[in-house]
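In each ligand, atom 1 is the first atom listed, and ligand 1 is the first ligand listed.
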Amino acid sequence: MERVLAGIVEAAVEISGAEEGRLLLPDETTGELFVCASRGFQEGSVNTVRTPVQDPLAGEVFKTGKPIIRGEKTPRKVGTDHAVHAFIGTPIIAGGRVMGVLEVGNCQPGRSFQEDHVALLSALSDYAAIALENAQRFTQAMAERSKLEAILSEVENGVIVADYDGRLILINRKACEAFGVHEDQAAGKRVRDLIQHQDLPEVLHDEELVAPTRIEITLKDGRVMNTEITPIPDLGLVVIMQDITHLKELDRIKTEFVSTVSHDLRSPLTAILGYIELMDRVGPVNAQQQEYVRRVQASVHAITSLINDLLDLGRIESGFDARKEILPFNSILEFAVEQLRNKAAEKSQNLVVDISENLPYVLGNPTRLRQLVTNLLANAIKYTQESGEIRLRAIAEESQVILQVADNGPGIPAADQPYIFDKFYRASNVAENSHGTGLGLAIVKSIVENHLGRIWVESTAGQGAVFTVVLPSVDSKL
Ligand code: ADP
């Protein structure tokens, strides 16, 4: 900026044929003018940078925002810090604000300026205004950047910003620490070359990533990072990593605890059911007692199904039933459909099954895959009103099978959708009398993840829901 302003002063002196010229800017705190660039001043009389200038003419230009021209013929006496016989001062105005003054002067008598010199100096002042404005914006941007850098380096979360070519724009201290990277070696490098991790560079080089994505990354030291990757148009991808190791550990302890307790609860429950069934065999039971027996049975069944769900979830999550075989996916689907056809019929629902003929094989655990389809289908039947429609559709696409279970029931409110795969979560619009443990979809999600697949839901409240599951398929000849 200083070079540009010096050039402007030089041009002002040349164009106006003046002996001297200078550019004055105000001090932001005191408001006093100081010399920022000057030309032609005799040594000693030149004000050094940041020394305030007591110059009533320049002061007036600065205050009024209007150019001033003075010569020996003008009635007002010229008076500056050194004798000047002729003078022009033009304001430097940017964004409606006076930012400084450009002035030229002649000390020798008989050398006055013309009106057109004022116009030329005003044009130069406009250039100075642009330069000053740009410099100000640049300074502001740099200040913001260093503020942002200070914040980012202090936050406890890892932050990485990369452009769409996977080149690093920014990486903070925590992220460097997590991947063992030196901060000063990182700038401009490709994430793939810098970060040695199987998952993260993959995602950052995924050109199809358009929506925010969440993955869990396990670091070399065993820490688990909840990692959110958000695409930002025209910038690239922003990665935020949060250490959730303690939550994972808590989750593991909780699951272990729940599994143990569930297991221990099963035997007494079986005993209760057994003895209840024996009741009417050992003596007459009146109608009221019969009703109580029925209620006890219903409650014990509800607890049993909760316990079974919990035990299933524990088993799936711990990878207990990892035994997998090559299975024709259509037989899995047909089994689930046959199991639930009656349930749909009881509600006079139309169950439409559309299974593509050449459905490939999948590598999986038959019990769990049946459970996956049954849970989705059972939910669709349970939540959809009488005479509603349930559609099960399965197609093959490249090396995967895509299963969709759609219904025209009440749908799931957008606010609930991110949580419905969580344990014990039930959406806000389920009827109070609808039974459920809130574990069905958590089980489904665990099964899908166990089979290296993906699951998501699309739904608009009041307009039904579509659950889509994508599973990798295998060649049956393998
Ligand atoms: P549960 O059915 O036992 O409540 P799930 O884990 O199977 O538990 O489902 C979680 C929640 O998701 C349900 O409580 C319900 O609010 C919602 N949900 C699942 N499937 C559907 C569907 N097809 N239509 C509407 N809501 C659904």
Could you check ligand 1 for N or O atoms lying under 3.5 Å from protein N or O atoms and list the pairs with distances?
unit_1   : atom_1 : unit_2 : atom_2 : d
ligand 1 : 2 (O)  : Asn379 : OD1    : 3.3
ligand 1 : 2 (O)  : Lys382 : NZ     : 3.1
ligand 1 : 2 (O)  : Tyr383 : OH     : 2.6
ligand 1 : 3 (O)  : Thr437 : N      : 2.9
ligand 1 : 3 (O)  : Gly438 : N      : 2.9
ligand 1 : 4 (O)  : Tyr383 : OH     : 3.0
ligand 1 : 4 (O)  : Arg426 : NE     : 2.5
ligand 1 : 4 (O)  : Arg426 : NH2    : 3.1
ligand 1 : 6 (O)  : Gly440 : N      : 3.2
ligand 1 : 6 (O)  : Leu441 : N      : 2.7
ligand 1 : 7 (O)  : Asn379 : OD1    : 3.3
ligand 1 : 7 (O)  : Asn379 : ND2    : 2.8
ligand 1 : 7 (O)  : Leu441 : N      : 3.3
ligand 1 : 8 (O)  : Gly438 : N      : 3.4
ligand 1 : 14 (O) : Tyr383 : OH     : 3.2
ligand 1 : 14 (O) : Arg426 : NE     : 3.4
ligand 1 : 16 (O) : Ala427 : N      : 2.9
ligand 1 : 23 (N) : Asp407 : OD2    : 2.8

For this session: Could you give me the CA-CA distance, side-chain angles and deciding distance for Asn450 and Lys324, then say whether side-chain contact (heavy atoms from CB on, under 4.5 Å) is met?
Result: CA-CA 10 Å; Asn450 234 268; Lys324 294 203 172 85; 3.9 Å; yes
Problem set entry | Residues forming a salt bridge (charged side-chain N to carboxylate O under 4.0 Å, His left out) with Arg3, sequence neighbours excluded | none
Problem set entry | For Leu33 against Pro26, the heavy-atom pair lying closest together | CD2-N, 3.7 Å
For this session: Can you see which heavy atom on Met99 is nearest to which on Leu25, and at what distance?
Result: O-CD2, 3.4 Å
Exercise. Among all residues two or more places apart in sequence or in another chain, which pass the side chain to side chain contact (heavy atoms under 4.5 Å, CB included) test with Ile272?
Worked result: Leu269, Ile276, Val296, Val300
Problem set entry | side chain to side chain contact (heavy atoms under 4.5 Å, CB included) involving Asn226 - partner list, sequence neighbours excluded | Arg214, Glu228, Gln242, Ile244
